[in-house]
Protein chains: 2
Amino acid sequence: MARPARVSPDRILAAAALEFAERGFAGARVDRIARRAHVNKAMLYYHFKSKNGLYRTLLRRMFTLAAARLRAIADGAGSHAEKVDRVIASMAAFMDEHAFFPAIMLREVAEGGVHLDRETLTALAALPAVVGAIVHRGVKARAFRAMPPMFAYFSMLAPVIFFLAGTRIRKEISHLHVVDMRESSADDFIRHMQHATRRALARGSARHARTS
Amino acid sequence: MARPARVSPDRILAAAALEFAERGFAGARVDRIARRAHVNKAMLYYHFKSKNGLYRTLLRRMFTLAAARLRAIADGAGSHAEKVDRVIASMAAFMDEHAFFPAIMLREVAEGGVHLDRETLTALAALPAVVGAIVHRGVKARAFRAMPPMFAYFSMLAPVIFFLAGTRIRKEISHLHVVDMRESSADDFIRHMQHATRRALARGSARHARTS
DNA sequence: GTCTATACTTCGATAGAC
DNA sequence: GTCTATCGAAGTATAGAC
């Protein structure tokens with residue numbers, strides 16, 4: 001019994017996600033998070049102890065959720081190439097559902113993880129670990145060319161995160177009429193990345209090697 | 001005459017670069033920048049008016065410098081593919097000389113450019129503009145497959161920025177022994193990106209298309 | 001669990017002498 | 001151009017009543 005009605009912690013986390021994504025850890029304001037969540041600021045401290053506690057809880061959740069999706073792909077059926085395709089699509093979909101995720105990822109990489117405790121860092125580490133494992137198996141099975149799995153991880157996911165986090169600045173830049181950065185949709189870009197990744201991982205075709 | 005001995009503005013900018021890269025705009029402390037630069041805080045305001053003025057001056061400089069290098073490549077000799085190769089190498093070298101650059105880029109993308117004025121945004125916009133122009137010409141000359149130039153821009157440079165900015169968090173993560181992210185050097189990664197980009201841009205080879 | 005009021009600290013910025 | 005001293009605004013966090 002005692003259905004806990006844990007509604008305010010969840011509302012706080014949702015508000016915190018927006019605030020931290022928009023402003024970063026240092027720029028985020030506890031008052032603003034509380035106001036956005038329609039809770040009293042004291043409630044926030046009651047549930048999460050501190051601004052940092054809230055931040056870590058949020059990130060641990062996000063990373064755990066995202067890693068679970070990747071693990072389902074890694075453990076599921078399909079060819080190595082199909083799994084890589086799905087990793088890209090699935091992370092793009094995840095970031096679409098959780099629009100705050102890409103900006104937070106960018107900031108956390110820039111920050112060097114200074115606000116994270118061991119547990120949260122471990123949750124984060126699962127992402128490269130699972131993707132790396134998929135690539136590693138593909139290489140071992142000679143479905144992919146030999147390459148460090150982490151290289152594949154960065155080259156397939158960094159552009160997706162960057163592109164999705166950068167929607168706002170691209171709009172700003174397009175207004176200046178120096179470059180038009182609105183040319184295509186996020187969906188098109190995801191397909192582009194799947195295609196580019198497939199080619200980067202494919203064996204053979206030394207034809208495309210050094211031309212200089 | 002009156003050799004201005006503009007040494008303190010430059011020292012301030014150098015100190016600001018480190019501080020802003022490490023902590024972001026909101027997390028950066030004016031006192032700390034002044035102390036790092038060995039100048040009085042009042043001097044900083046005397047030269048740059050405000051924290052934001054300092055930030056914009058720094059970024060405008062960086063973007064202008066980086067864009068100049070890219071323009072030299074675009075206007076120089078060589079095949080389309082060679083130019084793309086050089087864009088990647090040159091940006092990697094630039095970020096190696098200015099180690100604070102990648103983190104600031106990541107943060108600014110996440111931030112949506114809110115601290116930047118029109119002039120600084122225009123300087124930033126030159127980067128995708130020049131790279132986009134190189135790709136566009138290559139596509140027009142049928143040296144590259146057809147694709148939106150901005151897609152090529154993101155897929156070739158986002159991983160480089162991400163990788164270089166992420167040195168610190170990768171070290172943190174490697175300590176946890178969940179994944180080893182130290183496997184290879186930055187130079188190896190740059191070569192990987194050049195190779196992957198060459199393949200992504202190359203025409204033909206429909207063999208690597210959809211496998212699902 | 002919830003709210004008001006407030007303690008305590010830090011930070012950006014400036015005044016004003018030299 | 002340079003420095004000391006300081007103001008005033010914000011910000012995190014908590015005490016304590018209900």
Side-chain angles (χ1 to χ4, degrees), chain A residues 1-60 104 107-108 111 114-117 120, chain B residues 1-60 104 107-108 110-111 113-117 120:
Chain A
M1 37 221 76
R3 201 63 40 78
R6 264 183 52 97
V7 55
S8 73
D10 287 339
R11 276 221 310 265
I12 293 169
L13 283 168
L18 296 177
E19 179 74 6
F20 285 129
E22 270 176 30
R23 321 241 182 186
F25 181 79
R29 295 296 165 244
V30 174
D31 287 278
R32 208 154 28 207
I33 295 173
R35 193 156 26 85
R36 282 182 167 194
H38 302 285
V39 304
N40 191 282
K41 185 170 52 158
M43 274 313 292
L44 189 153
Y45 283 98
Y46 174 77
H47 285 296
F48 298 100
K49 300 265 294 180
S50 68
K51 183 183 178 179
N52 205 326
L54 172 57
Y55 188 67
R56 288 173 179 167
T57 305
L58 171 67
L59 265 63
R60 211 177 316 126
I104 289 182
R107 291 180 191 279
E108 210 42 57
E111 210 100 9
V114 283
H115 308 107
L116 307 184
D117 52 10
T120 310
Chain B
M1 37 222 77
R3 202 63 40 77
R6 263 184 55 95
V7 55
S8 75
D10 287 339
R11 276 221 310 266
I12 294 169
L13 283 168
L18 296 177
E19 178 76 6
F20 285 128
E22 270 176 30
R23 321 243 182 186
F25 181 79
R29 294 298 165 242
V30 175
D31 287 277
R32 211 157 25 209
I33 295 174
R35 191 155 29 81
R36 282 180 167 197
H38 302 286
V39 303
N40 191 281
K41 184 170 55 157
M43 272 315 292
L44 189 154
Y45 283 98
Y46 174 77
H47 285 296
F48 298 100
K49 301 263 295 180
S50 68
K51 183 184 180 180
N52 205 326
L54 172 57
Y55 187 68
R56 287 173 180 168
T57 304
L58 171 68
L59 265 63
R60 211 177 317 124
I104 289 182
R107 291 181 192 278
E108 210 42 57
E111 211 99 12
V114 282
H115 308 107
L116 307 185
D117 51 12
T120 310

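Here is how names work: the chains are called A, B, and so on, in the same order as the sequence lines, proteins then strands, and each is numbered from 1.
Comparing the axis of the opening five pairs of the helix from C/dG1-D/dC18 to C/dC18-D/dG1 with that of the closing five pairs yields an angle of 0°, rounded to 10°.
Atom P of nucleotide C/dC11 and atom OH of B/Tyr55 are separated by 18 Å, given to the nearest angstrom. Here D/dC3 presents its C1' atom at 14 Å from CD1 of B/Ile12, a figure rounded to the nearest Å. Atom-to-atom, CZ of A/Phe48 to P of D/dT14 comes out at 16 Å; the value is rounded to the nearest Å. Going from atom OH of B/Tyr45 over to atom P of C/dC11 covers 11 Å, rounded to whole Å.
The closest side-chain heavy-atom distance from A/Asp117 to A/Arg60 is below 4.5 Å. Within the 4.5 Å cutoff, the side chain of B/Leu13 has heavy atoms near those of the B/Leu54 side chain. Taking the side chain as every heavy atom from C-beta outward, B/Glu108 and B/Phe25 never approach each other to under 4.5 Å.
Checking B/Tyr46 against A/Ser50, the closest nucleotide of DNA chain D that is more toward the 5' end is the one next to B/Tyr46.
Here the closest non-hydrogen pair linking B/Asn40 and B/Ala34 is C-CB, 4.2 Å.
Considering only residues two or more places apart in sequence or on other chains, A/Tyr45 meets the ring pair (Phe, Tyr, Trp, His ring centres under 6.0 Å) condition with none of them.
Distances from the side chain of A/Lys51 to the nucleotides D/dA13, C/dA13, D/dT2 place D/dA13 closest.
Between the side chain of A/Arg35 and the backbone N or O of A/Lys41, no donor-acceptor pair lies under 3.5 Å.
Residues from residues 27-44 of chain B with heavy atoms under 4.0 angstrom of DNA chain D, sorted by number: B/Asn40, B/Ala42, B/Met43.
Between B/Glu22 and B/Arg32 no salt bridge is recorded (no basic side-chain N to carboxylate O distance below 4.0 Å).
The aromatic rings of B/His115 and B/Tyr55 lie perpendicular to each other, with more than 60° between the two planes, well past the 30° mark.
A close approach under 4.0 Å does not occur between any side-chain nitrogen or oxygen of A/Ser8 and OP1 or OP2 of C/dG1.
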